[in-house]
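Counting starts at 1 for both ligands and their atoms, following the listed order. Values below: every heavy atom of this structure, side chains too, minus hydrogens, waters and symmetry copies.
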Amino acid sequence: MFDFKDRVLLVTGAGGGIGGATAAYFHACGARVMMADINEAAVVALARSLDPSAQQVRAQRYDASQSADAQALVQACLRAFGRLDFLVPAAAIYEDQLLRSMSDAQWEATMAVNLNGVFYLVRQAIAAMPAGSSIVTLASQSGHTGGSVEHGHYGATKGAIVSFTRTLARELGPAIRANAVSPGMIDTPMVARALAGKREEVIANTPLKRLGRPEEVASLIAFLCSDAASFITGEAILVTGGLFMGG
Ligand SMILES: NC(=O)c1ccc[n+]([C@@H]2O[C@H](COP(=O)([O-])OP(=O)(O)OC[C@H]3O[C@@H](n4cnc5c(N)ncnc54)[C@H](O)[C@@H]3O)[C@@H](O)[C@H]2O)c1
């Protein structure tokens, strides 16, 4: 655990597995947390379960694909807590479609949430983030290996996130550090469909012989935000239980 007392986290996709676990982890470390998700019911319920008083944890509906929502979210965070130290844009979609039959709309929807959404939010947040702040993006093992069948659009956004994050590291250093985390198979709603019928095969190919837990990504994100990572920027750190090495 890290000491994040008096610090503020803004996390998107916070109604989901990794975003929700990240909110919980930072809350347990003493941070105040602004949680955002397009699924308002889910994110409000999670926020209330962490902090029924709504003093330390707030939730807001937010559509990552909308630039105006990014602006509104950063303003809401500053209104609620007066500062913004840690930014974790985790919202994303993971649709199945072969490239040969992918429509423009399918391609564009994934770009809009997974890539444009990260740009919109980071651009808004930078001006509000003091020296010593940290941005942690969510890339993916697929952003490094590529080649995920039926996920050409998703993998393309995650490869782009690694590159984008490294640009942030150069442009924002030394005041703000920026790193990506690249999960393998983490047990969240996002991968339930992809795992159907091949869960055992994935586990067999994973040296740690299980799927990852969302908290195991959250703890890496917290480490990267903490002073323990004070000389780490521009990295994309894999958290895959060894799956990345291949079978
Ligand atoms: N679970 C994994 O194995 C895995 C692997 C690699 C990368 N990741 C990445 O980690 C991040 C979190 O994934 P997760 O596994 O927690 O997924 P999840 O599906 O549990 O959560 C994603 C959340 O994003 C929200 N969301 C979707 N579209 C949105 C939009 N337009 N605006 C705002 N919110 C929106 C969803 O409502 C959901 O709550 C994602 O960026 C994902 O690509 C996950």
Side-chain angles (χ1 to χ4, degrees), residues 10-25 34-47 59-70 72-73 76 87-96 106 108-122 135-146 148 151 153-162 164-165 180-196 198-199 202-203 205-206 208 210-218 220-221 236-241 243-244:
L10 171 50
V11 54
T12 74
I18 292 171
T22 301
Y25 198 100
M34 175 62 78
M35 303 173 67
D37 200 289
I38 199 164
N39 186 339
E40 186 172 15
V43 77
V44 167
L46 263 174
Q60 172 146 329
R61 185 195 179 277
Y62 150 86
D63 181 350
S65 69
Q66 302 301 311
S67 184
D69 280 22
L73 180 58
L87 182 68
V88 180
I93 55 175
Y94 184 63
E95 307 287 342
D96 308 335
Q106 286 173 313
E108 285 160 12
T110 293
M111 294 297 140
V113 178
N114 298 14
L115 186 54
N116 299 356
V118 176
F119 164 63
Y120 296 148
L121 187 62
V122 167
I135 298 170
V136 180
T137 57
L138 271 295
S140 165
Q141 174 172 332
S142 69
H144 299 254
T145 57
S148 174
H151 306 116
H153 46 3
Y154 176 87
T157 64
K158 294 304 183 179
I161 287 295
V162 173
F164 174 76
T165 305
V181 297
S182 296
M185 277 293 183
I186 311 299
D187 203 0
T188 73
M190 177 170 280
V191 296
R193 222 175 37 248
L195 280 175
K198 62 169 199 175
R199 194 181 177 96
V202 169
I203 290 172
N205 285 332
T206 305
L208 295 184
R210 61 176 175 81
L211 303 179
R213 294 186 290 268
E215 314 82 73
E216 293 173 314
V217 182
L220 173 59
I221 293 170
I237 299 184
L238 287 141
V239 48
T240 73
L243 180 63
F244 183 67

Kindly determine whether T110 and H151 satisfy side-chain contact (heavy atoms from CB on, under 4.5 Å), including the steps that lead there.
CA-CA 10 Å; T110 293; H151 306 116; over 6 Å; no
According to the interplanar angle, ranging from 0 to 90°, do the rings of F244 and H144 count as parallel (below 30°), tilted (30 to 60°) or perpendicular (above 60°)?
perpendicular
Would you say the side chain of L211 lies within less than 4.5 Å of the side chain of V191, judging by non-hydrogen atoms?
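No - every pair of side-chain heavy atoms lies 4.5 Å or more apart.
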Side-chain contact test, heavy atoms from C-beta onward, threshold under 4.5 Å: evaluate it for L138 versus V88 and give yes or no.
yes
Could you grab the distance from atom CD1 of I161 to atom OG1 of T137, nearest 0.5 Å is fine?
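Atom-to-atom, I161:CD1 and T137:OG1 are 6.0 Å apart.
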Give the intermediate values and the outcome of side-chain contact (heavy atoms from CB on, under 4.5 Å) for residues S148 and Y154.
CA-CA 9 Å; S148 174; Y154 176 87; over 6 Å; no
Tabulated below should be the N or O atoms of ligand 1 paired with protein N or O atoms at under 3.5 Å; can you produce that?
unit_1: ligand 1; atom_1: 1 (N); unit_2: I186; atom_2: O; d: 3.3
unit_1: ligand 1; atom_1: 1 (N); unit_2: T188; atom_2: OG1; d: 3.2
unit_1: ligand 1; atom_1: 3 (O); unit_2: G184; atom_2: O; d: 3.0
unit_1: ligand 1; atom_1: 3 (O); unit_2: I186; atom_2: N; d: 2.8
unit_1: ligand 1; atom_1: 3 (O); unit_2: I186; atom_2: O; d: 3.4
unit_1: ligand 1; atom_1: 15 (O); unit_2: T188; atom_2: OG1; d: 2.5
unit_1: ligand 1; atom_1: 16 (O); unit_2: G17; atom_2: N; d: 3.3
unit_1: ligand 1; atom_1: 16 (O); unit_2: I18; atom_2: N; d: 2.7
unit_1: ligand 1; atom_1: 20 (O); unit_2: G17; atom_2: N; d: 2.8
unit_1: ligand 1; atom_1: 31 (N); unit_2: D63; atom_2: OD1; d: 2.9
unit_1: ligand 1; atom_1: 32 (N); unit_2: Y62; atom_2: O; d: 3.4
unit_1: ligand 1; atom_1: 32 (N); unit_2: A64; atom_2: N; d: 2.8
unit_1: ligand 1; atom_1: 34 (N); unit_2: I38; atom_2: N; d: 3.3
unit_1: ligand 1; atom_1: 37 (O); unit_2: D37; atom_2: OD1; d: 2.6
unit_1: ligand 1; atom_1: 39 (O); unit_2: G16; atom_2: N; d: 3.0
unit_1: ligand 1; atom_1: 39 (O); unit_2: D37; atom_2: OD1; d: 3.4
unit_1: ligand 1; atom_1: 39 (O); unit_2: D37; atom_2: OD2; d: 2.6
unit_1: ligand 1; atom_1: 41 (O); unit_2: A90; atom_2: O; d: 2.9
unit_1: ligand 1; atom_1: 41 (O); unit_2: K158; atom_2: NZ; d: 2.9
unit_1: ligand 1; atom_1: 43 (O); unit_2: Y154; atom_2: OH; d: 2.6
unit_1: ligand 1; atom_1: 43 (O); unit_2: K158; atom_2: NZ; d: 3.0

